[in-house]
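Here is the structure we will look at, set down as structure tokens.
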Amino acid sequence: MDAIQMVDLKKQYKKIKSEVDAAVINVLESSAFINGKPVQDFASNLSNYLGVKHVIPCANGTDALQIALMALGLQPGDEVITPSFTYIATVEVVALLKLVPVFVDVDPATFCMDPEKLKKLITPKTKAIIPVHLYGHAAPMEEILDIAKSHNLFVIEDNAQAIGGTYTFSNGTTKKLGSLGHIGCTSFFPSKNLGGYGDGGAIFTNDDALAEILKKVANHGQSVRYYHDIVGCNSRLDTIQAAVLDIKLKHLDEYIDARRNAASFYNQAFGANEKLITPKEAAYSKHVFHQYTLLLEGVDRAGLMKYLADNGIPSMLYYPLACHKQKMFETLNVPVTDLEVTEWLSERVISLPMHTELTDEQLEHITKTFINYIN
Ligand SMILES: *Cc1c(COP(=O)(O)O)cnc(C)c1O
């Protein structure tokens, strides 16, 4: 049995090696390292895949979120509602731009923003909501979009963990995540579901005017070279990364299937155990399992992680300390909100190896070892 990893990028690469190597060499030969043709090709293929009008590539997922907030013209002191149960990047950019993060609690079944709690946090200063499709599960977008509409708020989807996932509305329409809000953001960090071989990110929108501003912000505030209309930043996707991503995009659906298969193997092994709560998939969401995250009930989590590690099984905590508890917020005047579920989850979550290359033999070893410890 091959060594088990949280994410096995090497094995995945071997399967597409000839394609990827050729594409990378092509970029080297062309020497168009910045804004080469693969960047536009990838953006256009991704826009077709997602069914979104504009894809603006950028340097990473954190930049994507920052550029999105900058493009909306928010002013210091404006409030942005985001979960605290997320990767720090979602919240960090809000604070960086001197906006006020207002933390909303999550639904314990989906790990995503709770729309009822969201409603209660809206004030006259609220300008935007950032739902996060955490672990690959869709946030309840229909409710969030309705709430946003009735209060005239922007919605920025943090889709760093759920590219290729879908949301089905009550009228039966299905859309790809990242294409539902005013702006969608994603990351191509190597371990993400669509990961490059370095950093990368992208911003999505269906709004033509907003697309122009987003492009400008990402490009030093210029649309004509050397004429800078607004204060922007420098955030580009490397041509080499775009070439790699364009190949991996063709495999994304099959990668999602592989992740879903591994998740159902886990669910079958763990579903009946009363000390474990397996991840749910709401009827509106096609889960793409960026992470497979269980909740432990009355299990010594640190002991379990050590036992797994001793048996060659890595595990991780996403995330051990919720954003609102991070030291960085101690000195910022962040409004105190009820985050009971977030704190409850932080103590109970554990994520197991999840990637496209897990074999039945590996899954068998992981689940047996895991059950062995908790029983
Ligand atoms: C990975 C991630 C980001 C940031 O992406 P980078 O490319 O690492 O900057 C933002 N939000 C979430 C939820 C993420 O998982």
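The figures here come from the full heavy-atom set of this structure, side chains too, leaving out hydrogens, waters and symmetry mates.
Once rounded to the nearest 0.5 Å, the distance linking NZ of Lys176 with CG of Asn159 reads 11.0 Å. The CG atom of Asp207 sits 7.5 Å away from the NE2 atom of His54 when rounded to the nearest 0.5 Å. For the atom pair NZ (Lys117) and CZ (Phe103), the distance works out to 15.0 Å, reported to the nearest 0.5 Å. Here the NE2 atom belonging to His151 is positioned 4.5 Å from the CD1 atom belonging to Ile122, to the nearest 0.5 angstrom. To the nearest 0.5 Å, atom NZ of residue Lys368 and atom CG of residue Asn372 are 10.5 Å apart. Atom NE2 in His251 sits 9.5 Å away from atom NZ in Lys248 (nearest 0.5 Å).
With a 4.5 Å cut-off on side-chain heavy atoms, Asn375 and Asn273 count as touching. Val155 has its side chain within reach of Pro131: a pair of non-hydrogen atoms, C-beta onward, lies under 4.5 Å apart. Val106 is not listed as a side-chain neighbour of Cys112, based on a closest heavy-atom distance of 4.5 Å or more. For the pair Val349 and Tyr135, the minimum side-chain heavy-atom distance is below 4.5 Å. Side-chain atoms of Pro279 and Thr293, non-hydrogen and from C-beta on, never get closer than 4.5 Å to each other. Looking at Val341 and Asp114, their side chains never come closer than 4.5 Å, going by heavy atoms from C-beta outward. Side chains of Tyr167 and Glu142 form a contact here, defined as non-hydrogen atoms less than 4.5 Å apart. Taking 4.5 Å as the limit, every side-chain heavy atom of Cys233 sits out of range of all side-chain heavy atoms of Asp63.
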(message) Walk me through whether His365 and Met1 qualify under side chain to side chain contact (heavy atoms under 4.5 Å, CB included).
(response) CA-CA 10 Å; His365 176 65; Met1 186 174 68; 3.8 Å; yes

(request) Test Glu357 against Lys15 for salt bridge (charged side-chain N to carboxylate O under 4.0 Å, His left out), laying out the working first. (result) CA-CA 10 Å; Glu357 312 302 316; Lys15 292 185 179 164; 2.5 Å; yes

(request) Evaluate the side chain to side chain contact (heavy atoms under 4.5 Å, CB included) criterion for residues Phe169 and Leu145: first the C-alpha distance (whole Å), next the side-chain angles of each, then the deciding distance (0.1 Å), finally the verdict. (result) CA-CA 11 Å; Phe169 288 84; Leu145 291 170; 4.1 Å; yes

(message) Quick one, Asp78 with Lys125, criterion salt bridge (charged side-chain N to carboxylate O under 4.0 Å, His left out). Give me CA distance, side-chain angles, the key distance, then yes/no.
(response) CA-CA 5 Å; Asp78 286 348; Lys125 283 185 161 177; over 6 Å; no

(request) Might you work through the side chain to side chain contact (heavy atoms under 4.5 Å, CB included) test for Arg348 and Glu297, ending with a clear yes or no? (result) CA-CA 7 Å; Arg348 280 167 185 76; Glu297 282 292 0; 3.9 Å; yes

(request) Evaluate the criterion side chain to side chain contact (heavy atoms under 4.5 Å, CB included) for residue pair Ile129 and Met113; output intermediate values, then yes/no. (result) CA-CA 10 Å; Ile129 308 170; Met113 183 179 283; 3.7 Å; yes

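For the residue pair Ser351/Gln291, the side-chain donor-acceptor check at 3.5 Å is not satisfied. Counting only N and O atoms by type, the side chains of Asn45 and Asp246 include a donor and acceptor under 3.5 Å apart. If you check the side chains of Asn193 and His290, you find a donor sitting under 3.5 Å from an acceptor. Of the N and O atoms on the side chains of Thr168 and Thr174, at least one donor lies less than 3.5 Å from an acceptor on the other residue. Remark: the Glu157 side chain and the His182 side chain contain no N/O donor-acceptor pair separated by less than 3.5 Å. Judged purely by distance below 3.5 Å, without hydrogens or angles, the side chains of Gln222 and Asn219 pair a donor atom with an acceptor atom. Counted by atom type alone, Thr369 and Asn311 present zero donor-acceptor pairs between their side chains at under 3.5 Å. Side-chain atoms of Thr123 and Glu79 form a donor-acceptor pair, as typed in the model, at a separation below 3.5 Å.
Closest non-hydrogen pair, Ala282 versus Thr110, comes out as CB-CG2, 4.5 Å. Pairing each heavy atom of His133 with each of Ala138, the nearest pair is ND1-CA, 3.6 Å. In terms of heavy atoms, Pro314 sits closest to Gly312 at CD-O, 3.7 Å.
Within 6.0 Å of CD in Gln326 there are more than 12 heavy atoms belonging to other residues, nucleotides or ligands. The neighbour count for Asn333 CG, taken as heavy atoms of other residues, nucleotides or ligands under 6.0 Å away, does not exceed 12. In this structure, Asn152 places its CG atom where only 12 or fewer heavy-atom neighbours from other residues, nucleotides or ligands lie under 6.0 Å away. Other residues, nucleotides and ligands contribute more than 12 heavy atoms inside 6.0 Å of the CD atom of Glu254. Within a 6.0 Å radius of CD in Glu340, no more than 12 heavy atoms belonging to other residues, nucleotides or ligands are found. More than 12 non-hydrogen atoms from other residues, nucleotides or ligands lie less than 6.0 angstrom from NZ of Lys11.
Ring-plane geometry between Tyr197 and Tyr13 is classed as perpendicular, the angle between the planes exceeding 60 degrees on a 0 to 90 degree scale with a lower cut at 30. In this structure, Tyr307 and Tyr373 have tilted ring planes: the angle between them lies in the 30° to 60° band.
Here Leu72 is tied into one hydrophobic group with Ile56, Leu65, Ile67, Leu69, Met70, Leu74, Val80, Val93, Val94, Leu97, Leu99, Ile130, Phe154, Ile156, Ile183, Ile203, Leu210, Ile213, Leu214, Val217, Ile230, each link being a pair of ILVMFWY side chains closer than 4.5 Å. If you chain together ILVMFWY residues whose side-chain heavy atoms come under 4.5 Å of each other, Phe204 ends up grouped with Phe42, Leu46, Tyr49, Leu50, Val52, Val55, Ile163, Phe188, Leu194, Leu237, Leu245, Leu249, Leu252, Ile256, Val288. Here Val336 sits alone; no ILVMFWY side chain lies under 4.5 Å from its own, so it joins no hydrophobic cluster.
Salt-bridge formation is detected for the pair Lys215/Glu212: a Lys NZ or Arg NE/NH1/NH2 atom is positioned less than 4.0 Å from an Asp or Glu carboxylate oxygen. A salt bridge links Lys250 with Glu19; the closest basic N to acidic carboxylate O contact falls under 4.0 Å. By the 4.0 Å N-to-carboxylate-O rule, Glu347 lies too far from Arg301 to be salt-bridged with it.
Ring centroid separation for the pair His287 and Phe289 comes in under the 6.0 Å cut-off. Between Phe270 and Phe370, the ring center distance clears the sub-6.0 Å criterion. Here Tyr292 and Tyr318 keep their ring centres 6.0 angstrom or further from each other.
In this structure, Met6 is not a member of the same hydrophobic cluster as Met305, with clusters built from ILVMFWY side-chain heavy atoms closer than 4.5 Å.
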